[in-house]
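The model shown is predicted, which means the values in this text are computed figures rather than measured ones. Counting begins at 1 with the first residue of the sequence. Basis for what follows: all heavy atoms, side chains included, without hydrogens, waters or symmetry-related copies.
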Amino acid sequence: MPNTATTPKTPRTARKRTRPLSRPRTRTPGENASAEELLAAARRLGEGDPRADRLRERVVLLHQPLAKKIARRYQGRGEPLEDLYQAAMVGFTKAMRGYDPSYGKPFVAYLVPTVTGEVKRHFRDHTWAMRVTRTQQEERSKLRRVSSDFQQEHARTPTTAELAERMDMSEEEVHQLIQASNAYQCLSLEAPDTSGAEEEPMRLEDHLGSEDHGLELVDQRESLKPALARLPERDRRLLGLRFFCDHTQTEIADRMGCSQMHVSRLLSGVLDRLRAEMGETAQARA
């Protein structure tokens, strides 16, 4: 009889199938999720994940009006509103990157000081006409406040010594701070000068001094005085009538009782002698 024995089968319970491990799914916050929930989910996803960027975009939509409100608070201080918006959004981005939901604090409590600080940093770095130290930039507001309080109390401008006493600084430090404060903002030279009573005010650049070309002649004039003093009386009179009284040679001839040609020869001779003497003086100085 043939052997009908068969190989025993392996029980199903003994056969295990290996499945590839799958990443744990991150639950996407719902439409009504708070900023804290959105940022916590973005933090779990990690940097570089496009889903985290979309979550942060939702946070921006939630609190962008608050950032714009902070920027408008500093409007009218010499900076365009668009630049203030841009600085506020830079602070918004820093707040989203730096906020840690595990501390249990609301996001707004971290957002407001971060955005405000970024807007103030924009003023500190971009609105000064000259680069001054960070300490002087921060002390400028204190100087203005102390000076304003003193004027209200005493109805006059405080002296440097009085400011130094109230600010607990030396007079030299206060003097430097005042000079630095004057460099906060400059006026264009083309701006009108409204200090006068003219109907058409002058521009600021109209008050600037111009180069005095007469200064170049001072040395020559001083060197010429001794040479003129050594001339005869007739020659000095001739030069005075021609170059100081602005008479023509014909008018000089009538005054001196000679011809115009004779006056011309006399002038040429006197000027030649003066040129020669001035040349000798210049060589002697060299």
Item to complete: Let me see the working for V108 and L66 under side-chain contact (heavy atoms from CB on, under 4.5 Å), right down to the final yes or no.
Response: CA-CA 9 Å; V108 175; L66 177 59; 4.0 Å; yes
Answer whether the closest heavy-atom distance between the side chains of [X] and [Y] falls below 4.5 Å.
| X | Y | value |
| --- | --- | --- |
| V90 | V115 | no |
| L239 | D235 | no |
| L84 | I70 | no |
| R242 | V263 | no |
| R234 | L266 | yes |
| M256 | L238 | yes |
| F150 | S148 | no |
| R72 | Y85 | yes |

Considering all heavy atoms of both residues, which atom of [X] and which atom of [Y] are nearest to each other, and what is their separation?
| X | Y | result |
| --- | --- | --- |
| L55 | A41 | CD1-CB, 3.7 Å |
| L81 | A71 | CD1-O, 4.2 Å |
| M89 | A67 | SD-CB, 4.2 Å |

As an exercise, state the distance from [atom1] of [X] to [atom2] of [Y], rounded to the nearest 0.5 Å.
| X | Y | atom1 | atom2 | result |
| --- | --- | --- | --- | --- |
| H175 | L163 | NE2 | CG | 12.5 Å |
| C245 | R237 | SG | CZ | 10.0 Å |
| F92 | Q64 | CZ | CD | 7.5 Å |
| R265 | S259 | CZ | OG | 6.0 Å |
| L143 | L177 | CG | CG | 4.5 Å |
| T93 | E118 | OG1 | CD | 9.5 Å |

Worksheet item: Are R43 and Y99 close enough, and set up right, to give a side-chain contact (heavy atoms from CB on, under 4.5 Å), and what steps lead you there?
Response: CA-CA 10 Å; R43 198 178 186 89; Y99 175 70; over 6 Å; no
Does a salt bridge link [X] with [Y], judged by any charged N lying under 4.0 Å from a carboxylate O?
| X | Y | value |
| --- | --- | --- |
| D100 | K105 | no |
| R58 | E37 | no |
| R54 | E57 | no |

Might you confirm whether atom [atom1] of [X] has over 12 heavy atoms from other residues, nucleotides or ligands at distances under 6.0 Å?
| X | atom1 | answer |
| --- | --- | --- |
| Q249 | CD | yes |
| D272 | CG | yes |
| Q260 | CD | yes |
| R273 | CZ | yes |

Practice prompt. Write out all pairs satisfying ring pair (Phe, Tyr, Trp, His ring centres under 6.0 Å) with one or both partners inside residues 230-277, taking only residues at least two apart or from two chains.
Written response: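 Of all non-adjacent pairs touching residues 230-277, none passes ring pair (Phe, Tyr, Trp, His ring centres under 6.0 Å).
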Worksheet item: Which residue, R166, M167, E165, E171, forms the side-chain contact (heavy atoms from CB on, under 4.5 Å) with M169?
Response: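 Answer after filtering R166, M167, E165, E171: M167.
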Worksheet item: How would you list, by chain and number, every residue that makes a ring-ring contact (aromatic ring centres under 6.0 Å, His included) with H63, sequence neighbours excluded?
Response: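 With neighbours one apart ignored, the set is F107.
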Discussion item. The criterion is side-chain contact (heavy atoms from CB on, under 4.5 Å); which residues satisfy it with A52, sequence neighbours excluded?
Written reply: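 Partners of A52 by the side-chain contact (heavy atoms from CB on, under 4.5 Å) criterion, ordered by chain and then number, come out as A42, L45, D49, R56.
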Item to complete: Please assess D246 against L241 for the test side-chain contact (heavy atoms from CB on, under 4.5 Å), listing each intermediate value before the final yes or no.
Response: CA-CA 6 Å; D246 200 23; L241 291 173; over 6 Å; no
Worksheet item: Is a side-chain donor-acceptor pair under 3.5 Å present for S34 with E36?
Response: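 A donor-acceptor contact under 3.5 Å links the two side chains.
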Discussion item. Looking only at the side chains, is there a donor atom on one of E82 and Q86 sitting less than 3.5 Å from an acceptor on the other?
Written reply: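 There is no such pair between these side chains.
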